[in-house]
J.: 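Quick one: the structure is below, and I'll ask about it shortly.
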Amino acid sequence: MNIEGADFLEFVKTRQSDRAFDPNRPVEKEKLDRIIEAVRYAPSACNAQPYHLIVVDDPELKNKVADATSTRVLGLNHFTKQAPIHILMVEEKVNLSSGVGGWIKQKDYAQLDLGIAAAHMVLAAHAEGLGSCILGWFDEKKMRQLLNIPQSKRVWLDIVIGYSTQPLRPKKRKPIDQILTRNGYLNKK
């Protein structure tokens, strides 16, 4: 497979965080399997793959999980009941190499790896013609109770996936000169 740089850039530009889904259109198992496989192939520090994925597609349980993502006070995440799939990302222990390296370098490689895996997930969903949204706002204690997740585990993300009903929105991004310098942090003139 050969994807030219311009084609990939256009693909990335059309991926967005969707907050409206067709609740009556389920995600096909084959598509979901390919998305999960893309996550499995995501790179991670020392190949630790420090995560466990929980696919929630049972309608009753999915609605309870969606309730744990929303809040009336702040008006957040009320769209999540529309999505037919929730995939929770639970942090697992890193392997010895990644753990020692993280300790020496004072970096949390597990969290970095979770972010990389999440990016693979949403791009894979987009490649399957599906919309997605990465959620970090939810009641973690309630998620643990609903999904039998041990207290010792952190639930970092809930990624909702489904057929989007939202039109493509224009992207607002910082200008390149606000996020990039070459050969050093500060430009020397």
Side-chain angles (χ1 to χ4, degrees), residues 1-28 30-44 51 53 55-57 62-63 65-89 111-140 143 155-187 189:
M1 176 188 285
N2 184 20
I3 299 174
E4 296 294 324
D7 292 339
F8 183 73
L9 185 58
E10 286 306 309
F11 174 77
V12 170
K13 285 181 178 179
T14 60
R15 193 266 151 199
Q16 66 184 11
S17 293
D18 291 301
R19 293 176 180 86
F21 298 93
D22 184 344
N24 300 312
R25 190 170 176 197
V27 173
E28 297 86 348
E30 300 78 28
K31 289 186 176 190
L32 183 58
D33 289 346
R34 284 190 295 267
I35 293 166
I36 299 302
E37 193 68 356
V39 174
R40 203 169 70 85
Y41 277 93
S44 60
Y51 42 79
L53 307 177
V55 174
V56 180
D57 56 4
K62 181 209 52 108
N63 285 338
V65 166
D67 286 340
T69 69
S70 62
T71 174
R72 292 178 195 256
V73 176
L74 298 175
L76 291 174
N77 299 338
H78 292 293
F79 65 92
T80 58
K81 276 194 178 176
Q82 299 170 359
I85 303 283
H86 285 245
I87 302 177
L88 281 87
M89 298 186 78
Q111 287 186 30
L112 295 170
D113 294 340
L114 281 156
I116 294 166
H120 273 63
M121 187 182 302
V122 298
L123 288 173
H126 184 49
E128 294 290 344
L130 299 164
S132 63
C133 189
I134 301 171
L135 307 169
W137 179 278
F138 51 82
D139 183 334
E140 189 174 355
M143 289 293 198
V155 183
W156 283 108
L157 298 172
D158 177 6
I159 301 176
V160 294
I161 295 175
Y163 283 95
S164 177
T165 59
Q166 203 167 8
L168 187 62
R169 300 179 308 275
K171 298 256 192 264
K172 297 177 186 173
R173 296 294 187 260
K174 292 178 181 179
I176 195 75
D177 63 345
Q178 288 184 15
I179 65 163
L180 171 75
T181 55
R182 295 189 189 275
N183 305 313
Y185 185 81
L186 298 175
N187 283 330
K189 295 186 180 192

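Heavy atoms only: backbone and side chains are in, while hydrogens, waters and symmetry mates are out.
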J.: My understanding is that only residues two or more places apart in sequence, or in another chain, count here; which of them pass side chain to side chain donor-acceptor pair (under 3.5 Å) with Lys81?
T.: Asp67
J.: Determine whether the side chains of Thr80 and His86 contain a donor N or O and an acceptor N or O closer than 3.5 Å.
T.: no
J.: Checking His120 now: which residues fulfil side chain to side chain donor-acceptor pair (under 3.5 Å) with it, not counting sequence neighbours?
T.: none
J.: Would you check if there is a donor-acceptor pair between the side chains of Asn77 and Thr69 at a distance under 3.5 Å?
T.: no
J.: Over all heavy atoms of both residues, which pair between Ile161 and Val27 is shortest? Give the atoms and the distance, please.
T.: O-CG2, 4.2 Å
J.: Which residues pass the side chain to side chain contact (heavy atoms under 4.5 Å, CB included) test with Pro167, sequence neighbours left out?
T.: none
J.: Applying salt bridge (Lys or Arg N to Asp or Glu O under 4.0 Å), which residue pairs with at least one partner in residues 130-139 are found, sequence neighbours left out?
T.: none
J.: Checking Ala124 now: which residues fulfil side chain to side chain contact (heavy atoms under 4.5 Å, CB included) with it, not counting sequence neighbours?
T.: Ile35, Ala38
J.: Tell me every residue that passes side chain to side chain donor-acceptor pair (under 3.5 Å) with Arg34, counting only those two or more places apart in sequence or in another chain.
T.: Glu128
J.: Just verifying a value: how many Å separate Ser164 OG and Leu130 CG, rounded to the nearest 0.5 Å?
T.: 9.5 Å
J.: Might you point out which heavy atoms bring Arg19 and Gln82 nearest each other, and give the distance in Å?
T.: O-OE1, 4.1 Å
J.: What heavy-atom pair brings Arg15 and Ser132 nearest, and what distance separates the two atoms?
T.: NH2-OG, 2.9 Å
J.: Measuring only between side-chain heavy atoms, which start at C-beta, is Thr181 closer than 4.5 Å to Leu186?
T.: no
J.: Among all residues two or more places apart in sequence or in another chain, which pass the salt bridge (charged side-chain N to carboxylate O under 4.0 Å, His left out) test with Arg40?
T.: Glu37
J.: Excluding sequence neighbours, so at least two apart, what forms side chain to side chain contact (heavy atoms under 4.5 Å, CB included) with Lys172?
T.: none
J.: Check whether more than 12 heavy atoms from other residues, nucleotides or ligands sit under 6.0 Å from atom NZ of Lys171, and answer yes or no.
T.: yes
J.: Which is it for Met89 and Val155 under the side chain to side chain contact (heavy atoms under 4.5 Å, CB included) test, yes or no, and what are the steps along the way?
T.: CA-CA 6 Å; Met89 298 186 78; Val155 183; over 6 Å; no
J.: Roughly how far, to the nearest 0.5 Å, is CD1 of Ile87 from CD1 of Ile134?
T.: 11.0 Å
J.: Might you point out which heavy atoms bring Phe79 and Asp18 nearest each other, and give the distance in Å?
T.: CE1-O, 3.8 Å
J.: Working to the nearest 0.5 angstrom, can you tell me the gap between Asp33 CG and Lys31 NZ?
T.: 12.5 Å
J.: Return the minimal non-hydrogen interatomic distance between Tyr163 and Pro26, and the atom names on each side.
T.: CE1-O, 3.5 Å
J.: Side chain to side chain donor-acceptor pair (under 3.5 Å) with Gln166: which residues, sequence neighbours excluded?
T.: Arg169
J.: Restricting to non-hydrogen atoms, name the atom on Ile116 and the atom on Pro43 that form the minimum distance, rounded to 0.1 Å.
T.: CG2-O, 3.5 Å
J.: Residues in side chain to side chain contact (heavy atoms under 4.5 Å, CB included) with Leu9, at least two apart?
T.: Lys13
J.: As an exercise, state the distance from CE of Met121 to CG of Leu157, rounded to the nearest 0.5 Å.
T.: 8.5 Å
